[in-house]
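Scroll down for the structure; my scribbles are underneath it.
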Amino acid sequence: MLDKFGIAKRIAQELKDGYYVNLGIGIPTLVANYIPKNIYVTLQSENGLLGMGPFPFEGDEDADIINAGKQTVTTLPGSSFFDSAMSFGMIRAGKVDLTVLGAMEVAENGDIANWKIPGKMVKGMGGAMDLVAAAKNIIVAMQHTNKAGESKLLPACTLPITGLRCVKKIVTELAVIEVLPNGGGFKLLERAPGVSVEHIRKATAGKLTVPDDVPEMLIH
Amino acid sequence: MLDKFGIAKRIAQELKDGYYVNLGIGIPTLVANYIPKNIYVTLQSENGLLGMGPFPFEGDEDADIINAGKQTVTTLPGSSFFDSAMSFGMIRAGKVDLTVLGAMEVAENGDIANWKIPGKMVKGMGGAMDLVAAAKNIIVAMQHTNKAGESKLLPACTLPITGLRCVKKIVTELAVIEVLPNGGGFKLLERAPGVSVEHIRKATAGKLTVPDDVPEMLIH
Amino acid sequence: MSNKVYQTADDALFDIRDGAVIMLGGFGLCGIPENAISALLKKGTKNLTCISNNAGVDDFGIGLLLKTRQVKKMISSYVGENDEFERQLLSGELEVELIPQGTLATRCLASGYGLPAVFLPAGVGTEVADGKETRVFGDKTYLLEYAFDADYALVKAWKGDKYGNLIFRGTARNFNPMMAMAGKITIAEVEHLVEPGELDPNEIHTPGIYVHRIFQGNGYEKRIEQRTVRPRT
Amino acid sequence: MSNKVYQTADDALFDIRDGAVIMLGGFGLCGIPENAISALLKKGTKNLTCISNNAGVDDFGIGLLLKTRQVKKMISSYVGENDEFERQLLSGELEVELIPQGTLATRCLASGYGLPAVFLPAGVGTEVADGKETRVFGDKTYLLEYAFDADYALVKAWKGDKYGNLIFRGTARNFNPMMAMAGKITIAEVEHLVEPGELDPNEIHTPGIYVHRIFQGNGYEKRIEQRTVRPRT
């Protein structure tokens, strides 16, 4: 079983040299800490920054340089600033190679729900709907089950949808799961260290294809 | 009767302090030379320059600073450069106060033809169709009749149209003419010095309303 | 030149009336028109419809206008950080229209570029799509989203000149350039108001043609919402 | 980082094949990708569809590719200054699609911003509207114009860094930024190729995410089409 850092580490293995990547708030943000040393990845922050650097040193915070989570960040050599129209323009045009997001629920057809719980205060979708509707490759980072122990990988979302048929892969504390195209359902790709296929099966409410051999993740 | 400089001078009287103005090629370009001294007018060149200055001094030409007529020009304090999408964006959004264009024909409903003569080599419309479709105030600067002596102010255009119902005013060597809204036809506003109402009537093929008193233009 | 320069925020906002539709630049508290918000607060203008990505926090930004009940409706993408906001929303005092962030930005761009409407994919299949026209291009479905029609845009820039040319700084740019283009009347406040010619024409983000009034702001607080740092080692 | 830098124009254009759809930046001869055009000439790539505001002059710019009969079709707004062009057009050897300049620019923008189509007023009621869908918004009629789908964009910038960030100079900016955004593969040539960090992130016109290949051009002629001067007095 992985902790949130393990999930972030596993997702970092999906990164390729030259990728432009948008990381959502929460576990996705942690992915930045585990980018393999031998590749160069450019982080896009949808409020208008390409080439997001680490948090500033204490005292160097600049109110004019923040990320989409409103945290103070820094630039790197080769960074660029732009306006929100261009930012979502490049997302819609498929220029961002990978988007990593959290989710409340993912359906076996790739639908995602991550913005609203009926009855609770609605804070808004921010850029989530734009990202899921437009990104060409979306990986979801989340827990396999919710606090009540119910699966978050479902036959269909029960919460209000953020976007349709968009999630390509899910990394949880238990497994790496592919969302097969054309409604093919979930497919188990890797088990977390020490987690059995049976455990993952039980925690997955949606249709799950399990190949004969499911390797254990390699987390460096 | 006015020469082309007189036409330009008369049109310059239409400018108001603070106006943003797009001047087409030919007589319209000359208008820049007669902007009243007591007002400030900003010239827009649709290839991406606001605040177009005069031609450079010999030896100061910069291949990267040209106008829509591909002539070398200069900037002024407060100029700005932008791309072609923004340039036509500001035109479409009605931010340019006045556009001055040449024309081959203007119809009494405000249609304009100025880009194509069938049977002759077609060079293209450039930005003319965008300007006439989007500018909020269009003045045409042209000769009242063509080389064959035929009126260019017509009941309807005979040449391929550049844009519909868009011309608000016409200044020719003979007259200042308003295009009345809602198909009301032409209205004679001013006579050129020494030109009779009868002369203008004969030279105008489209419907022309002539008020009782038609003043002579004042060209300073 | 017809003068675009106003001495104070109060002067520049003189004609904003109750019921106006106002765009306000900024993302979170970054790049917000602090002086213009203070002037609205002082003026007490009521029943405002505010188009702004966020609604400030309880004691800063648009949150200040919520506290004084000057806002009738918010059109935003994310409004989370504000208790008073939540109270008014739940009590029905405040109307809220939530729209995706990119849709918000692009509807502003559409206004500034004279595009009456645009086709956007965000929200297809969600409740955001309710009542909206859809259209398929290629194998993808889009919603028809209309350009905004705002009476005023209140934007904040880093530098500006007396003709209204603006340069933004860092991620404080965000929605400001699009809103500057989109307002029927655009009022820009700047940290540094300079003479024409002091800004490089090649570096201007918003050409002055889009800006109707400009003033030098003062006392910028530039509050940081999430101060995150790493230790010096 | 996966390397975007190519040593020569020939290297950068290595995979452009006969029949490709290519966007070329520039307005007249201002801001055209001189080195890329030379490389195409050398390569002899045929049956090109060129999307470019103009078609160069007889002995410069795209005119050079016309002379060698490498161009099958031009999509442009104004093609006047070229005798060979006229000859090929009248003889039917060359296909030409004339579209309004703002429509050309905005269809590029649409590609770069992921908008499948846009509503534009230019050409309503004219032969440009033939066969196009129209729609009325408010009291105005618009044409539905589609985003371009180009295999390559060849653009020219003043400065660029190794990550592909670009800064244009003066009116040489023109169509270059939109085409840079619109190409499936965008190849930028620059007068000055610098290290990442040498360009101010606040002054970049085209972020590197849009640029796939970059090279330092050389021997720029930057020919002036209409040299107009005033006498020194």
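Heavy-atom basis, side chains included; hydrogens, waters and symmetry copies ignored. Everything quoted here is computed from the prediction, not taken from an experiment. Residue numbers begin at 1 in each chain, while the letters A, B, ... track the order of the sequences.
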Between CZ on residue C:Arg227 and CD1 on residue A:Ile66, distance to nearest 0.5 Å | 12.0 Å
Keeping the roles fixed (side chain from C:Lys222, backbone from A:Asp62), state whether a donor-acceptor pair exists under 3.5 Å.
-> no
Take A:Asp83 and C:Asn176, measure what side chain to side chain contact (heavy atoms under 4.5 Å, CB included) needs, and give me the verdict at the end.
-> CA-CA 8 Å; A:Asp83 64 43; C:Asn176 282 298; over 6 Å; no
Most heavy-atom pairs under 4.5 angstrom with chain C, which of A:Ala85, A:Gly126, A:Ala63, A:Ser80?
-> A:Gly126
C:Arg173 side chain vs A:Phe81 backbone, donor-acceptor pair below 3.5 Å = yes
Residue A:Pro56 versus chain C: region with a heavy atom under 4.5 Å | both
Interface residue of largest heavy-atom contact number with chain A, from C:Ala122, C:Ala172, C:Ser77, C:Gly123, under 4.5 Å | C:Ser77
Select, from C:Leu109, C:Leu89, C:Asn174, the one with the greatest count of heavy-atom pairs under 4.5 Å involving chain A.
-> C:Asn174
Highest number of heavy-atom pairs under 4.5 Å with chain A among C:Leu120, C:Asn53, C:Thr171 belongs to C:Thr171
When you measure from the side chain of C:Thr126 to the backbone N and O of A:Gly163, does any donor-acceptor pair fall under 3.5 Å?
-> no
Which of the residues C:Lys140, C:Glu225, C:Arg169, C:Arg107 is involved in the greatest number of heavy-atom pairs with chain A at under 4.5 angstrom?
-> C:Arg169
With side chains defined as the heavy atoms from C-beta onward, is the minimum distance between A:Trp115 and C:Glu127 less than 4.5 Å?
-> yes
Side-chain donor/acceptor of A:Asp130 to backbone N/O of C:Gln101, under 3.5 Å | yes
